[in-house]
Amino acid sequence: MTLDFLGNLQRTHMCGDLRASNAHEHVVVMGWVNRRRDHGNLIFLDIRDRSGITQVVLDKELSPEAHAKAEAARSEYVVAAIGTVRRREAGLENPRMDTGEIEVVASEILLLNESKGLPFSPADEAIANEEVRLKYRYLDLRRVEMQKNFRLRHEVTRAVRNYLSDNGFLEIETPFMTRSTPEGARDYLVPSRVHPGHFYALPQSPQIFKQILMVSGFDKYFQIARCFRDEDLRADRQPEFTQIDLETTFPQQSLIFKFVEGFLTAAFKTAGIELKPPFVQMTYDEAIRNYGIDKPDMRLPAMVDLTATLTPELREALKIEQQLPVLGFVIPAAGVMSGTQKRSLVDEIRKFFGDCGLDYLDIARLKTNADFVPLAESIQNVFADALDEEWGLNPAGGEELMVVITPKLGTPAMWNFDPQWIYKKVGGLRLELAKKFADKHGLHNQTGTAADFKFCWVTDFPMYEWDEQAKVWQAAHHPFTSPHEDDIKAGRLTTDKGAVRALAYDIVLNGTELGSGSIRIHRKDVQAEIFRSLGMDEAEQKARFGFFLDALEYGTPPHGGIALGLDRIVMILAGASSLREVIAFPKTAKAIDLMVDAPTEVSDQQLRDLSLRTVTRT
RNA sequence: GGGGACGUAGCUCAGUUGGUUAGAGCGCUGCCCUGUCACGGCAGAGGUCGCGGGUUCGAGCCCCGUCGUCCCCGCCA
């Protein structure tokens, strides 16, 4: 096959931009052959570029040479079509194409490049399996869906950049080759050639650097920052990912929230979604009590506390622990269930709880016993009140699945020293059943409006977590997170660690943690107190954070910030269920890049340069 | 580290209780076709059933191991 040279030919239009108003214009479009429809003396080529697809017509009578080239063209050949835009005759338009009103009548075709037989066609509706997609990622990325995702990602990033820039933030880059920062994850290491046996670490986040930028007086910083964590992957976790990272001097929590709500609103607007800030705010405690989790999925009704409906006598009669909470929740529109379906559901619930003491209480069965009818009714009333206000649901309709969970006699008040475990357990069941009935209630489906996106802020996280194995209190966040000033003043750092609240906050979208931030400690005395309460002596402090503690001693202003996962934002906005759909060259669950085949072994020479030797671990 | 699902043609999949020569759709190749847009018609090529071992007269199917992809737990403050 003889290929044509591009010469000085210039593209005049993008394929997707041609409209009826371009009729009679002489145009040059370039792109890939999406499909070829050969009718003998008449050939249609669908030419695709980033902007869309346009139909090019080749008529053997009008231009035999161009027709012959089109005959030779195959899927994904790169071509240039030179011709005239023609308004399609009535009846020949294709309303399903943006460019369906017109076609390009080609006088000339250039075959700029050919393509091997494809493992899969980017034009196909059926999607190949992920292994093949990732190996031939360049073909996968040609698909309209992927092009759309990356355009969205670009628009989101641009909106965030513009918003933060317009609000006084400076974009400053921090190093990729650095030393371990105090995040909890495993580091990716880079060996130093110049310093044998020494390693740089790739940043898990720019945390320390951005705090130092505050010490440096930059006042407001942001960065679209790549971060690296050497931990096992999930659908929503890749070893390298991108954070929208920001920090500001003299912050109030509310100020950070305002900035984040601002850039998210701007970002979602690029996708046609009008968010209405301010977002819902709740404390960690409220989140646990109402949703049983610190990242509430507010697309479904919250849990309902039914504790007040049970008198001590009723608890006695129903063999329910006296002091523990009784919780319930509703799965909307789960549908009327047969006896068999109901029994298997109850079995499933009991299996979910195992032998922790929690049990399903059947409202329908309560009603069969005159003694318990008032209880059943009052439970239903509590449900009705809760659902009527916010959700406009009527639990008496029979379509809603009402789940009531009671602690049986002997249920422990604490589980792993956690007094809130019942809330968490029931909250877990709520999410499980929400997933199970997702097809029925449809509340996880996107409708293309702001209602699809339920944001909330979770505040006042506990400062410490009890580590039962090590029998010590651990910092729940990185150790530069400031405690509430009230808790410091009240001396709780020493007397009541479990009650100390951190000035830390998460932003949550549809049950996914999008980001996490805090007001930092800027005073040396408070920092020392935190380290002391964590049982970290001065030598250890110095070894781990010495340079940073030094910096804090030279006039550190109050400061704080947040970081949001850009990939996750785009994923949810795109309605995708894996980060791989919004990361151009992602890695597999085993952290392999199937396209470039990384990681690989390296040459002996490379290892020698780095003073490294590999050994087989036994 | 642990649990689960999957692996059959280039792609998406079917394949009966273990029984002859492993099928379909799409794609691909050739020929025909001037209004298709998932074009159509005719003909054709294409398979180490992921890999290794075992059971059996006989394995795509059963068993063991192994590799790969995906999902989850652990892990990721």
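The chains referred to below are lettered A, B, ... by the order of the sequence lines, with proteins before strands, and numbering in each begins at 1. Here the structure is a predicted model, which means the values were calculated and not measured.
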(message) Between A:Asp285 and A:Gln420, is there a side-chain donor-acceptor contact under 3.5 Å, judged purely by atom types and distance?
(response) yes
(message) Please confirm whether the ring centroid of A:Tyr200 lies under 6.0 Å from the ring centroid of A:Phe176.
(response) no
(request) Would you classify A:Thr481 as touching base, sugar-phosphate or nothing, given that sugar-phosphate means primed atoms plus P, OP1 and OP2, and contacts are heavy atoms under 4.0 Å? (result) nothing
(message) Whole angstroms only, please: what is the CD1-P distance between A:Ile530 and B:rA77?
(response) 19 Å
(message) Once you apply a heavy-atom cut-off of 4.0 Å, does A:Glu131 come out as touching a base, just sugar-phosphate, or nothing?
(response) sugar-phosphate
(request) May I ask you to say what A:Ala475 touches in the nucleic acid, namely base, sugar-phosphate or nothing, with a heavy-atom cut-off under 4.0 Å? (result) nothing
(request) Ignoring backbone atoms, test whether A:Lys590 places a side-chain nitrogen or oxygen under 4.0 Å from the OP1 or OP2 oxygen of B:rG68. (result) yes
(message) Suppose you measure atom C1' in B:rA45 against the same atom in B:rC31; what distance do you get, rounded to whole Å?
(response) 15 Å
(request) Find the distance A:Asp38:CG to B:rA38:C1' and express it as a whole number of Å. (result) 16 Å
(message) What contact category does A:Arg86 fall into here, base, sugar-phosphate, or nothing, at under 4.0 angstrom with non-hydrogen atoms?
(response) base
(message) Between the base of B:rG7 and the side chain of A:Asn129, is there a donor and acceptor pair under 3.5 angstrom?
(response) no
(message) In whole Å, measure the gap between the C1' atoms of B:rC75 and B:rC62 for me.
(response) 37 Å
(request) Starting at atom CD of A:Glu89, determine the distance to atom C1' of B:rU34, rounded to an integer number of angstrom. (result) 12 Å
(message) For a quick test of reading the model: is some side-chain N or O of A:Arg74 closer than 4.0 Å to OP1 or OP2 of B:rG30?
(response) yes
(message) Can you tell me if A:Ser75 touches the phosphate of B:rG27, counting only side-chain N or O atoms and a distance under 4.0 Å to OP1 or OP2?
(response) no
(request) Could you state the atom-to-atom distance from CG of A:Leu233 to C1' of B:rC73 in whole Å? (result) 15 Å
(message) Give the residues of residues 95-105 of chain A touching RNA chain B, defined as any heavy atom closer than 4.0 Å, sorted by residue number.
(response) A:Arg96, A:Met97, A:Glu103
(message) I want to verify a distance call: between B:rA38, B:rC73, B:rU69, whose nearest atom is closest to the A:Arg234 side chain?
(response) B:rC73
(message) Measure NE2/A:His477 against P/B:rA77 and give the value in whole Å, please.
(response) 12 Å
(request) Kindly assign one of parallel, tilted or perpendicular to the pair A:His478 and A:Phe480, based on the angle between their ring planes and the thresholds 30° and 60°. (result) tilted
(request) Report yes or no: is there a donor-acceptor pair, N or O only, under 3.5 Å between the side chain of A:Arg237 and the base of B:rC76? (result) yes
(message) If I take atom CD1 in residue A:Ile127 and atom P in nucleotide B:rC70, what distance separates them, rounded to the nearest angstrom?
(response) 15 Å
(request) State whether the aromatic ring of A:Phe120 stacks on the base of B:rC11, taking stacking to mean ring centres under 5.5 Å apart and ring planes under 30° to each other. (result) no
(message) Can you measure A:Asp187 atom CG to B:rC76 atom C1' for me and round it to whole angstrom units?
(response) 12 Å
(request) Ignoring backbone atoms, test whether A:Arg229 places a side-chain nitrogen or oxygen under 4.0 Å from the OP1 or OP2 oxygen of B:rA77. (result) yes
(message) Can you see whether A:Phe352 has A:Lys425 sitting over its ring - NZ or CZ less than 6.0 Å from the centre and within 45° of the normal?
(response) yes
(message) Using only modelled atom types and a 3.5 angstrom limit, is any donor from either the side chain of A:Arg133 or the base of B:rU69 paired with an acceptor on the other?
(response) no
(request) Pick base, sugar-phosphate or nothing for A:Thr588, based on heavy-atom distances below 4.0 Å to the nucleic acid. (result) sugar-phosphate
(request) Verify the contact: side-chain N or O of A:Arg37 to OP1 or OP2 of B:rC39, cut-off strictly under 4.0 Å; return yes or no. (result) yes
(message) Please tell me if A:Arg35 has a side-chain N or O lying less than 4.0 Å from either OP1 or OP2 of B:rC39.
(response) yes
(message) Measure CZ/A:Phe352 against P/B:rC73 and give the value in whole Å, please.
(response) 12 Å
(message) Just to be sure I understand the rule, does A:Glu93 reach a base, reach only the sugar-phosphate, or reach nothing, if contact means heavy atoms closer than 4.0 Å?
(response) base
(message) Taking 4.0 Å as the cut-off, does a side-chain nitrogen or oxygen of A:Asn94 come that near to OP1 or OP2 on B:rC37?
(response) no
(request) State whether the side chain of A:Tyr77 and the backbone N or O of A:Leu111 hold a donor-acceptor pair below 3.5 Å, judged by distance alone. (result) no
(message) I'd like to check the side-chain contact (heavy atoms from CB on, under 4.5 Å) partners of A:Tyr464; sequence neighbours left out, ordered by chain and number.
(response) A:Trp473, A:Leu493, A:Lys497, A:Val500, A:Ile530, A:Ser533, A:Leu534
(request) For A:His39 and B:rC39, say yes or no: do the ring centres fall under 5.5 Å of each other while the ring planes differ by less than 30°? (result) yes
(message) Quick check: any donor-acceptor pair below 3.5 Å linking the side-chain of A:Arg36 to the base of B:rC39?
(response) no
